[in-house]
There are 2 protein chains.
Amino acid sequence: MDNQGPDNQGPDDQGSKGRGPHARVLQTLGPAITSGDCPPGTVLRTDELEQRFEVSRTVVREAVRVLESMHLVESRRRVGVTVRPAEDWDVFDPQVIRWRLAGPDRPRQLRSLTALRSSIEPAAAALAAEHATPEQCAELTEHALGMVATSRGQQLAGYLVHDIAFHRVILRASGNEMFARLGDVVAAVLTGRTEHEVMFTDPDPEAVTLHVRVAEAVRERDAERAEAYTREITVGALRELDILAP
Amino acid sequence: MDNQGPDNQGPDDQGSKGRGPHARVLQTLGPAITSGDCPPGTVLRTDELEQRFEVSRTVVREAVRVLESMHLVESRRRVGVTVRPAEDWDVFDPQVIRWRLAGPDRPRQLRSLTALRSSIEPAAAALAAEHATPEQCAELTEHALGMVATSRGQQLAGYLVHDIAFHRVILRASGNEMFARLGDVVAAVLTGRTEHEVMFTDPDPEAVTLHVRVAEAVRERDAERAEAYTREITVGALRELDILAP
DNA sequence: GGACCAAATAAGTATGACTTTTGAGTCACG
DNA sequence: CGTGACTCAAAAGTCATACTTATTTGGTCC
């Protein structure tokens, strides 16, 4: 019974560098907490975790330290490792976002993220219109056209790639490092939307057109139009959610 | 360089529990990286850090793990702990934000955060108008009036308290957990503005009025007005920055 | 000159001993 | 009978050391 974990999540790590005991513990404990499997107030003892994962204190402690830095748990002497209430969690931590998107909290998480997105992206587009380099403008146009090309005939995978790339460029071109960092979040939302069969049919042609218009506006340095069209895109995304789960 | 000043920042740590060797290492290494003192590409070896901080391997490793989870460093075998480029950092991590606000990157950080704020808060206000409880409406009014009362006569400290509380309530009342989490960020920005003598004079009376109007709009469930007035507030904040450091 | 193998190196893991904090139980005293 | 202080033990925190594993480097052989 070496690696015969009783409730192992499985060796299918999709991208979260899952080699090493440390990562294994982290990638098990993190989701367990964010999924509500270990509800707030739950107390974990270090030696109990040692046995459960069959690793040394070193590994457990390092994993706990990381969870602590995400405000998922609090470690106190004579008490143990306590799971903190959800409102304390660092919900902006990409790792936490991924865990929650993979858990039962997914719908709520997608809503939050979409709302965040629709307030950020228009502003980012306006800034992008002012700061985008010619190369970035070219990329935008390229991906907008790519979206047009893949918008019909069940080419959702290809469409998604261009969609994500498009929004990534916008966020990066804004020149604001914090906006740029949200590229991963937007990618997660868009991917989630496709996966979650919200878009099992071809994308809304109007949305496709809007992307083309945004690319135009940015190229022409028209911040106002870039912002307005982007807002239409994100408002559409919000409406989509409301229709699906009011 | 020994750490002759372990906590010259002040002993009043509001949230960063600074006791223990682990925290000491983290609170020294983190700022050293985010400040550019250890530029990207710098390689730190574990045993070197052990000697430098006079702590055991355990402590160094735990600190490094946390820095790694923030994407500030990358630890590789046979190489060491490498400082990662700034664009990889988790700039949304509250800890990273605090470190950068305390370092030479502060102006840039304040700009980013203010831009973030001005795109988020209007949306939050609109949502707050829909979701705010009567208690939250009362709080809003209270703090808006508090701002009015402290807006004259060099009562900046009191004004700041109400200002922060006001925006915190807006963000929390939005019902979006991610918006709510930005309360600390907004607090940091507002505090930074006051500290940084951007507001060494009494606050703009117009801004004060706008806060009162936002409170009114939320109370009357008028999302559109709440959003518009909030946008005026944050646009004003942006303009303030542009005037100070164009 | 290129491919392949071996040694050196530094992170990663395991373990046992010891320290510090702190919750809880206990006992004396009002 | 209640309240305060005192003691004890449980669990995290720290340290030192030995050992493992991966990776780079460099040298050798074809």
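Owing to the predicted nature of the structure, the values given are computational and were not obtained by experimental measurement. Note on naming: letters A, B, ... go to the chains in the order of the sequence lines (proteins, then strands), and numbering restarts at 1 for each one.
Side-chain to base pairing of A:T58 with C:dA14: one donor and one acceptor N or O lie within less than 3.5 Å of each other. Between the side chain of A:R77 and the base of C:dT21, no donor-acceptor pair under 3.5 Å is found.
Note on B:R76: a side-chain N or O is less than 4.0 Å away from OP1 or OP2 of D:dT24. B:R61 has a side-chain polar atom (N or O) that falls below the 4.0 Å cut-off from OP1 or OP2 of C:dG12. Residue B:R65 has a polar side-chain atom (N or O) positioned under 4.0 Å from OP1 or OP2 of C:dT13. Contact annotation: A:T46 side-chain N/O to D:dA12 OP1/OP2 distance is under 4.0 Å.
Interatomic distance, B:I164 CD1 to B:L190 CG, rounded to the nearest 0.5 Å: 5.5 Å. Interatomic distance, B:L160 CG to B:T191 OG1, rounded to the nearest 0.5 Å: 4.5 Å.
Per the geometry, CD belonging to A:E62 stands 10 Å off P belonging to C:dA14, to the nearest Å.
Between the side chains of A:E177 and B:S112, a donor-acceptor pair is found at a separation under 3.5 Å.
In this structure, of C:dA14, C:dT13, C:dG23, it is C:dT13 that holds the atom nearest to the side chain of B:R57. Candidate nucleotides D:dC15, C:dT13, D:dT23 were compared by shortest atom distance to the side chain of B:V59, and D:dC15 ranks first.
A:L49 comes within contact range of no nucleotide atom at all, as no heavy-atom separation falls under 4.0 Å.
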Just distance, no hydrogens or angles: give the donor-acceptor pairs under 3.5 Å from side chains in residues 40-48 of chain A, sequence neighbours left out.
residue: A:T42; atom: OG1; partner: A:P39; partner atom: O; Å: 2.5
residue: A:E48; atom: OE1; partner: A:R45; partner atom: N; Å: 3.4

